[in-house]
Amino acid sequence: MERELNNILKDMSDSTAKSYRGSYLRLRKLLELKDKRKPIKKISLADVLTKIETIENPSTRHSVFVISKKIFDYEKNKELFDAVDKKIREDKRSLQVSKNGVLDKTLPTYKELKTAIKNETNPKKYIVSFLMFKLTCRNMDIALADLHAKPKENYDENRNHLIIDGEKVIFIRNKYKTVKKYDVKKNVINVKKFTEMVKTFLGDSEKKALFSQRNGGEITGSAIASYLKKFIVLGLNEGQIVKIVLKHADESGSYNMLRNISNNRGTSISVLLSEYDVSNILEPSTEITNEQTQDVKQEVEVEVE
């Protein structure tokens with residue numbers, strides 16, 4: 001078991017390895033493999049995939065399916081793998097359409113969210129909600145933030161930083177999900193209330209972590225979302241805020257806003273549209289009709305004006 005697992009986790013980051021380890025152990029439990037000496041590879045791939053297909057949630061099914069592809073040769077089993085992969089994608093899409101249909105009707109509007117943040121008086125809640133709203137930050141971006149009363153020469157590269165610089169706040173993100181692809185991000189926040197809230201949270205301190213465990217340690221992994229949950233306005237979560245902002249970009253017809261969301265979050269536009277667009281409930285059509293042609297003409301005319 002350990003040799004097989006080590007081969008899977010080789011060269012992975014700690015956070016990725018932790019996730020894959022959990023999926024590997026979930027697959028062993030699914031296969032009722034209690035003998036630690038027996039690797040999964042000793043079982044036929046067909047039997048492994050049959051068990052994987054019994055997992056109801058498609059996202060969980062996919063996380064375990066990925067483990068099977070790490071253990072068995074894809075090229076030699078392409079047909080079997082592709083059939084399961086196709087079904088997972090179809091089920092994920094079906095679940096997404098169902099959720100999007102509900103969220104489109106139940107989520108607060110962009111204006112309601114903006115107003116709630118504007119009226120928030122709790123410094124920590126305001127800071128968290130503002131960053132998620134304005135920069136579509138992930139939980140981790142905010143959870144790993146240290147606040148600083150003034151600029152200094154060097155900052156911990158394993159942490160993110162909110163630095164008061166005169167009337168502005170500089171937000172440096174060294175640690176976020178896609179940093180290897182998009183590099184360190186730096187935003188200048190020139191909003192008077194935000195600067196005031198950062199100052200209020202700091203008090204007399206020169207430096208203070210936005211979130212930490214009771215013993216002062218850094219919060220990690222699965223605990224991050226639960227720590228942040230009570231510090232987001234309207235009882236929302238990170239994903240819901242991104243969906244509200246993306247819906248506003250769609251309704252305002254702003255390509256520039258979409259590009260800013262992508263850049264600030266560190267997520268490709270294609271991923272934003274597939275994962276967070278609540279209007280995304282129909283498959284793209286391959287058929288061109290007169291109505292679609294008229295829509296395109298109207299959009300061009302609006303842009304020209």
Side-chain angles (χ1 to χ4, degrees), residues 8 12 15-16 18-33 40-41 43-107 136 138-139 177-178 181 222 225 237-247 249-251 258 261-262 265-289 291-292 295:
I8 293 171
M12 289 183 179
S15 59
T16 303
K18 184 177 180 180
S19 175
Y20 272 69
R21 173 183 287 274
S23 295
Y24 176 81
L25 295 176
R26 185 179 291 116
L27 180 55
R28 288 190 66 89
K29 185 176 180 179
L30 190 67
L31 295 168
E32 298 179 353
L33 272 178
I40 292 174
K41 198 163 187 176
I43 301 174
S44 75
L45 176 59
D47 289 342
V48 171
L49 293 179
T50 296
K51 283 288 188 180
I52 290 174
E53 287 181 304
T54 64
I55 300 174
E56 185 175 352
N57 184 287
S59 295
T60 305
R61 197 187 321 154
H62 179 260
S63 69
V64 176
F65 173 67
V66 168
I67 299 298
S68 70
K69 290 177 72 175
K70 292 281 186 182
I71 296 172
F72 298 91
D73 187 273
Y74 172 76
E75 293 302 327
K76 291 180 180 178
N77 302 282
K78 187 175 184 302
E79 190 173 336
L80 279 173
F81 277 128
D82 287 353
V84 176
D85 187 39
K86 181 182 178 183
K87 184 65 168 63
I88 290 173
R89 290 177 185 275
E90 289 173 349
D91 289 351
K92 285 180 75 173
R93 173 64 184 165
S94 178
L95 183 61
Q96 181 189 42
V97 167
S98 176
K99 285 183 176 180
N100 282 350
V102 173
L103 283 173
D104 194 29
K105 297 174 183 177
T106 60
L107 283 177
T136 55
R138 297 178 180 85
N139 289 326
K177 185 178 179 181
T178 53
K181 182 175 181 179
S222 59
N237 60 42
E238 170 209 326
Q240 290 172 330
I241 289 179
V242 177
K243 289 174 180 178
I244 292 168
V245 173
L246 202 61
K247 183 180 180 183
D250 176 46
E251 291 172 345
L258 185 59
I261 295 168
S262 172
R265 185 172 172 82
T267 304
S268 69
I269 290 176
S270 61
V271 170
L272 283 173
L273 293 176
S274 65
E275 298 296 328
Y276 297 102
D277 179 12
V278 293
S279 70
N280 183 21
I281 57 175
L282 297 175
E283 291 292 342
S285 175
T286 57
E287 181 181 353
I288 301 300
T289 65
E291 184 179 347
Q292 287 174 314
D295 288 343

(message) Leu27 and side chain to side chain contact (heavy atoms under 4.5 Å, CB included): which single residue from Val64, Leu33, Ile55 fits?
(response) Val64

(request) Locate the shortest heavy-atom distance separating Pro58 from Ile88; write the atom from each residue and the value. (result) O-CG2, 3.7 Å

(request) Could you grab the distance from atom CD1 of Ile71 to atom OH of Tyr24, nearest 0.5 Å is fine? (result) 5.5 Å

(request) Find out whether Thr136 and Leu246 are in side-chain contact, i.e. whether some heavy atom of one side chain is under 4.5 Å from a heavy atom of the other. (result) no

(message) Using 0.5 Å steps for rounding, measure from the CG atom of Leu31 to the CD1 atom of Ile43.
(response) 4.5 Å

(request) Could you note down all residue pairs passing salt bridge (Lys or Arg N to Asp or Glu O under 4.0 Å) where residues 46-60 supplies at least one of them, sequence neighbours left out? (result) none

(request) For residues 62-76, pull every pair meeting side-chain hydrogen bond (donor to acceptor under 3.5 Å, both in side chains), keeping only residues two or more places apart or in separate chains. (result) Tyr74-Asp82

(request) Would you give the length of the straight line joining atom NZ of Lys177 to atom CG of Asn139, rounded to the nearest 0.5 angstrom? (result) 11.0 Å

(request) Taking the side chain as every heavy atom from C-beta outward, state whether Phe81 and Leu45 have any pair of such atoms under 4.5 Å apart. (result) yes

(message) Taking the side chain as everything from C-beta on, heavy atoms only, tell me whether Ile52 gets closer than 4.5 Å to Ile67.
(response) no

(message) If you define the side chain from C-beta out and look only at heavy atoms, does anything of Phe72 sit under 4.5 Å from Val48?
(response) yes

(message) Under the rule for ring-ring contact (aromatic ring centres under 6.0 Å, His included), what residues qualify as partners of Tyr20, not counting sequence neighbours?
(response) none

(message) Please enumerate all residues that pass side chain to side chain contact (heavy atoms under 4.5 Å, CB included) together with Lys29, with sequence neighbours excluded.
(response) none

(message) My understanding is that only residues two or more places apart in sequence, or in another chain, count here; which of them pass side chain to side chain contact (heavy atoms under 4.5 Å, CB included) with Ser59?
(response) Asn57, Lys92

(request) Using the test side chain to side chain contact (heavy atoms under 4.5 Å, CB included), find all partners of Lys87 that sit at least two apart in sequence or belong to another chain. (result) Arg61, Glu90, Asp91

(message) Quick check for you: to the nearest 0.5 Å, what is the distance between Arg265 atom CZ and Glu238 atom CD?
(response) 4.5 Å

